[in-house]
Structures are given as C-alpha cells and as structure tokens.
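Just so you know, these numbers come straight off a predicted model, no measurement behind them. For the numbers below, each heavy atom of this structure counts, side chains included, while hydrogens, waters and symmetry mates do not.
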Amino acid sequence: MAQTAQSIGASTITLASSSKHALNPPHQIVDIKVPNTAAREAVDKAVANSAGEGVRVLKLEEYKQAAETLAEAFREDESSWYFLDTPDREHWTREQKWELHVKIFEYIAYAHLLKGLVLSSGPNYDCVACWMPPGENMDDTLTLLRSGMWRLNYQLSPEGKTRFFSEFLPLLNDTKLQVLGPEVDADSWYLVYIGTRSTGRGKGYARKVIKHVTGQADREGRACYLESSHAVNRIIYGKMGFELQKNIYLQRAKKHVELDIMVRQPRVDEKVMGGA
C-alpha cells in the first residue's frame with residue numbers, strides 16, 4: 001500500500017537487478033528525511049500535537065518494534081499473505097514465509113519513518129499506525145535503498161513479485177487517484193497501515209493514533225484515505241468518520257481478496273463556525 005505505486009515497483013526492480021550485491025548492507029540508523037515543505041510542516045504539526053494524547057511519534061531506531069506489532073496484527077490477513085502463499089512457494093515452510101512477512105513490515109515501517117509519520121499508542125507498541133502526509137510518498141531511490149524495499153525483487157517468488165508489483169501496487173495507486181481526484185490525492189493524509197497487538201485490542205489505542213491525524217486533517221481542511229482488508233473494520237472506521245467508497249479485488253489467487261476503500265472528508269468545528 002503506497003502512493004505512486006507503479007514507480008515504486010519499477011524503481012525497485014531496476015535497483016535490485018543492477019546493484020544487488022553492492023546495495024545489500026544492513027540497516028544503518030541515519031536520519032535522511034528530505035520531504036517536501038508541505039509534508040514536513042504537516043508532520044511537524046502532528047509531532048507537536050502528540051504530547052498528552054497518549055500517542056507517541058516513533059523514531060528510526062524503533063522500526064523493528066513497529067514492524068513486530070504490524071506483523072502480528074496482520075498474522076492472518078489475506079492481503080498480506082497474498083504475496084507469500086503462491087503456487088511457486090508451496091515448498092516453503094510456514095516459518096520461512098513468516099520470516100519474510102516480518103521483513104516486509106520492517107521495510108514498510110522504515111520507509112514511513114523516513115518519509116512519513118509512524119505513531120504508536122499503548123505501553124508496548126500495542127498499536128502502530130503508518131501515515132503518509134500530504135504530497136509525500138516513498139518511491140524515491142534513496143528511500144527504496146534505505147528501507148530495503150528493493151530487496152523484495154528477489155525475496156518474493158516470481159508469482160509473488162507479479163502480484164505485488166504488477167497487480168497490488170498499481171491497483172492501489174490507480175484507485176486512490178480515481179477516488180480522490182488529482183488535487184485531493186496530492187493534499188490528503190493516507191493511512192497506509194494500522195495494526196494492534198491482540199493484547200492491546202479493545203483499549204482505544206487504534207482510535208488514538210487515527211484521531212491524532214484526523215483531528216489535524218480537520219484543522220487543515222484535508223481528507224484522509226485508507227484501504228481495509230477486513231469487513232468488520234468498516235464499522236470501526238465508520239465511527240471515526242470514514243465512508244466506504246468502493247471495493248477492489250486482488251484476483252490472481254483462486255480466492256479473490258477484497259479491499260474496502262474508505263475516505264474521511266474534513267469536518268468543520270461547529271464552535272469555530274459559530275464564532276466566525
């Protein structure tokens with residue numbers, strides 16, 4: 001789930017094929033954020049507003065903890081295993097697939113720590129949310145290299161790569177642009193991933209990391225966008241102002257995977273309007 005998904009796939013393939021050995025160092029914790037001005041301002045506001053809300057903005061060195069929470073939360077998620085449970089990986093054990101499942105979330109968490117906003121709530125990273133701010137994405141070469149996302153070109157099987165780079169990412173990118181339109185797409189907050197550990201569910205942690213950004217989006221007059229792979233989440237997100245726009249489907253497996261596309265329009269504070 002990423003913006004400008006087609007270029008992510010193309011760049012990853014190019015980097016992996018041309019520099020596989022030279023570009024294979026372990027993660028080094030170096031802050032190289034170079035977001036655009038609007039995105040930087042939006043993230044700075046979110047960071048400044050986090051104090052006292054039970055929400056913490058994570059740092060680069062916490063990418064593994066963030067990934068562990070997301071991997072656990074998506075342990076049984078059909079959309080996550082869609083790239084791993086492929087016919088050409090039937091010989092892999094569940095342990096081998098789980099290891100790559102975790103690595104994928106490490107790449108995702110690291111990329112969002114570099115270019116987006118990663119929030120956590122709860123005493124032990126109980127809930128983690130990866131947000132991409134307005135006008136930002138993670139498809140630039142430096143982010144692909146630093147996050148390790150480019151490694152999926154050879155870590156996924158041929159069918160897994162086709163599903164991820166040729167079906168999944170382009171479908172998400174095209175759908176987001178079609179649903180929001182070019183102007184809103186470039187000026188919206190994107191909730192790319194949110195996951196809660198089983199021990200942290202029912203405690204309001206997910207609501208905190210969502211409302212932290214939707215509250216800011218309201219003040220800025222910006223929409224928020226997400227994809228969801230669980231029908232039950234429609235009710236949860238609906239209570240926070242998200243509305244179902246359409247459903248899309250991943251169709252290369254025997255069982256198609258359904259994704260809900262939901263958008264939250266900015267809300268105007270009635271008290272502010274009344275005092276205007």
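The shortest non-hydrogen separation linking L119 to V209 is CD1-O, 3.6 Å. When all heavy atoms of L70 and G195 are compared, the closest pair comes out as CD2-N, 3.7 Å.
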*Taking it one step at a time, do Y63 and E68 satisfy side-chain hydrogen bond (donor to acceptor under 3.5 Å, both in side chains)?*
CA-CA 9 Å; Y63 78 96; E68 288 172 3; over 6 Å; no
*Going through the checks in order, is the side-chain hydrogen bond (donor to acceptor under 3.5 Å, both in side chains) test met by Y193 and E227?*
CA-CA 8 Å; Y193 277 98; E227 301 109 355; over 6 Å; no
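Side-chain N/O atoms of H230 and D260 include no donor and acceptor closer than 3.5 Å.
For R146 and D140, the salt-bridge test fails: no basic side-chain N is under 4.0 Å from an acidic carboxylate O. With respect to E243 and R264, no salt bridge is recorded, no charged nitrogen being found less than 4.0 Å from a carboxylate O. Taking the charged nitrogens against the carboxylate oxygens, E159 and R163 do have a contact shorter than 4.0 Å, which makes a salt bridge. The pair E62-R56 meets the salt-bridge criterion, with a side-chain N (NZ, NE, NH1 or NH2) lying under 4.0 Å from an Asp/Glu carboxylate O. With salt bridges taken as basic N to acidic carboxylate O contacts below 4.0 Å, none links R267 and D218. Under 4.0 Å is where a charged nitrogen must lie from a carboxylate oxygen, and between R197 and D126 no such pair does.
Taking a 6.0 Å sphere around NZ of K103, one finds it holds 12 or fewer heavy atoms contributed by other residues, nucleotides or ligands.
With sequence neighbours left out, the ring-ring contact (aromatic ring centres under 6.0 Å, His included) criterion links Y125 to no other residue. Under the ring-ring contact (aromatic ring centres under 6.0 Å, His included) criterion, W98 pairs with H101, not counting sequence neighbours.
Between F168 and Y82, the gap from one ring centroid to the other reaches at least 6.0 Å.
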